[in-house]
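Below: one structure, written as structure tokens.
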Amino acid sequence: MTDLYQSQRAMRNMRKAAMQRGVIAVLDVGTSKIACLILRFDGPERARAEDGVGPLAGQSQFRVIGAATTRSRGMRFGEIESLNEAERAIRTVVQSAQKAAGQRVDHVIACFSGAEPRSYGLAGEHALADSVVTEQDIARVLAACDVPDLGEGREVLHAHPVNFALDHRSGLGDPRGQIGHRLACDMHLLTVERAAVECVLHCLKRCDLEVAGIASSAYAAGLSALVEDEQELGAACVDMGGGATGLSIYIKKHMIYADSVRMGGEHITRDISMGLSVPLGIAERIKTVHGGVHATGADDREMIEIGSDSGDWEKDRRTVSRTELIGIMRPRVEEILEEVRARLDVAGFEHLPSQQIVLTGGGSLIPGIDSLAAKILGQRVRLGRPMRVQGLPAAATGASFASAVGLCLFAANPQDEWWDFEIPAERYPARSVKRVFRWFRDNW
Amino acid sequence: MRPIAPRRDPAPSRWAYRWHRLWLTPLFRALVRVGLPAFVVVFSAGLWISDEGRRALITDQFTATRDAVQNRPEFMVNLVAIEGASPVLADALRRDLGLELPKSSFDLDLAVARDQVEAFDAVERADLRILSGGILQIAVTERLPALVWRSEDALQLVDANGHPVASISARALRGDLPLIAGASANTAAAEALELVAAAGPLTARIRGLVRMGNRRWDIVLDRDQRLLLPADNPVRALQRIIALDQAEGLLKRDLLAVDLRNDRRPTLRLSPEAAQSLRQTKITETRGGTL
């Protein structure tokens, strides 16, 4: 636990170094595409006191100065399958983004969708020694959270203190300086498989990049695709990616649940490829150009030239009606959405005050998916596009860039996580000079 | 038919990627784009110039070019024109300057030449200028001799400020100028001239002025008469003597010296004969008086 704690702290320090240098890259490592945006921080540090325990990690204005996308290679289900191929893809995208920015970047914040995220809600309580809540008290209450058995080979990716309660007052964002006797906190913990994370980190290291942070892409997509009231009142963001569909639930501007369904757009493409016996490239083109989920009478008459290069004239000249294509795509989309529904039910989404569902990611661009999702997930479904950030090229404003843009926001205005707070003095090694210093400061 | 050749990998190789990143590093970029060419230029120039023969070649060419420009006829000085100097002085100047004409005006140091000219006693001030047509003009203001000064070992002409002008062999050569004598007499030349000017009717009788102890003047008249003047305000003392002389014919008498050094106690020194006769006269008068 302490190892990870330290490495996340190191990433935060790296992020601060990058902010000082003024340039940082965000890298969305997806199954179907890898996007890299290069940010330049140019505003002065701007304090935003209203969310979380106050900004500890430092916040800044930023501008996108370089953007590049490439087809990803060696990825499956949002995880790295072939390290060399993934490294090549990352090199390609980082180099072209650097070329667009005309500037070298050394620090990168990455997100990925796979690695089987699991959410835990943690609660901790701590009796205050003094009646005033200090940073040490917050550190102690965070340390007092009872961590469940995470399982073998799991690592904590996110640990957000969601809520603080002081005596009988709950819902405190920042309890520092308040007066009470018992401090309690709720924390949301997101764990992922260690091997997948280490694979991503190793891959970035092999590209000579310093990792300044790592995030779950479901979390990042929720940051950018949910508007402020949805984040505040409760909403679920469904990030329909290529190999995995991420799911994150937000309330009171904090993520309280995240999960991922290991199905995505590439499965739809694979279905088309199998159903029509065409190569994957052609199936992808047919899906993006003619795809849909609702068949109408007009679709019976709309014939699609499949086209292929098998050399067999009869095979290459086949046509299918759009209805047939929809008949192939719809079951898979329904399957994905039903799986999402099941995860939402497990998370207890129906108990939230507002049950807004936002579809984003490349998969949400299938025409008619919003009405299909409304049938499966609930009435309040909308398609979400990432919020607009300064300098983002028009080609990168679509729904498929939701997690890349969310990662920009994560880079500029990170929410406080466990490792942003102080370590409780009791946890320091016995011979720590800092502890001695603190003892002197407290007692003299 | 589609070629079987594998599709080109769009990904940069690891070295290409590193090189691209290195090239985007500002310091490295500046080093390569400015530092390296500058180093090559400086290094090759240094290498080229490190050869002794090439350095000599460069200096030779430089001197040759410079000489070719400086020795153009437009810059040559062919003639020295001396104005305002007596022929003797002009000859002496010419001989002493030692200019080897024709000479380029770049090689002439006018300040040094002027100092040389002004080093002459007879020259009070000199202006040197190079005129067009290759003429070095020296405009000389000569010192005018005002006094003849006989010092212990020489006979010199000095100007009104006491600066030596020239030596002369005999006093008779400049009989028109008053004579002063004594050590450092020239330092008080202005006072001597005032005295000479104030002499008035005595002018014809003055043989010279003698500086006594570098402090005061004696005026030596003919018949070996001496006027001993005080150190301060000697002109007034002289005027007093002249007044006495005009009133009573003082200096026509048989006096050796008139001593006015102490103006409240002027003293006359008689010649021995005059003193004798005065005594005789006094005895006679006394005797006559008693008789």
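Residue numbering restarts at 1 for every chain, and letters A, B, ... go by the order of the sequence lines.
- In this structure, the side chains of B:R21 and A:L209 come closer than 4.5 Å at one or more pairs of heavy atoms.
- Counting heavy-atom neighbours within 6.0 Å of B:R94 CZ, excluding the residue itself, gives a total above 12.
- The distance from the OH atom of B:Y17 to the CZ atom of A:R206 is 12.0 Å, given to the nearest 0.5 Å.
- More than 12 heavy atoms of other residues, nucleotides or ligands shown are found within 6.0 angstrom of CZ on B:R14.
- Here the closest non-hydrogen pair linking B:A11 and A:R73 is CB-NH1, 3.7 Å.
- Of the listed residues A:C207, A:A89, A:G102, A:A101, the one with more heavy-atom pairs under 4.5 angstrom with chain B than any other is A:C207.
- Atom CZ of B:R29 sits in a crowded spot, with more than 12 heavy atoms from other residues, nucleotides or ligands closer than 6.0 Å.
- Shown here for A:T92 and B:P10, the closest heavy-atom pair between the two residues is CG2-O, 4.0 Å.
- Each of A:R88, A:Q98, A:K99 has some count of heavy-atom pairs under 4.5 Å with chain B, and the biggest count is that of A:Q98.
- Within 6.0 Å of CZ on B:R18 lie more than 12 heavy atoms contributed by other residues, nucleotides or ligands.
- In the displayed structure, A:R71 atom CZ is contacted under 6.0 Å by at most 12 heavy atoms of other residues, nucleotides or ligands.
- Partner B:L24 forms a side-chain contact (heavy atoms from CB on, under 4.5 Å) with one of A:Q95, A:Q103, A:R104 and no other, that one being A:R104.
- Between atom CG of residue A:D208 and atom CG of residue B:L22 there is a gap of 10.5 Å, rounded to the nearest 0.5 Å.
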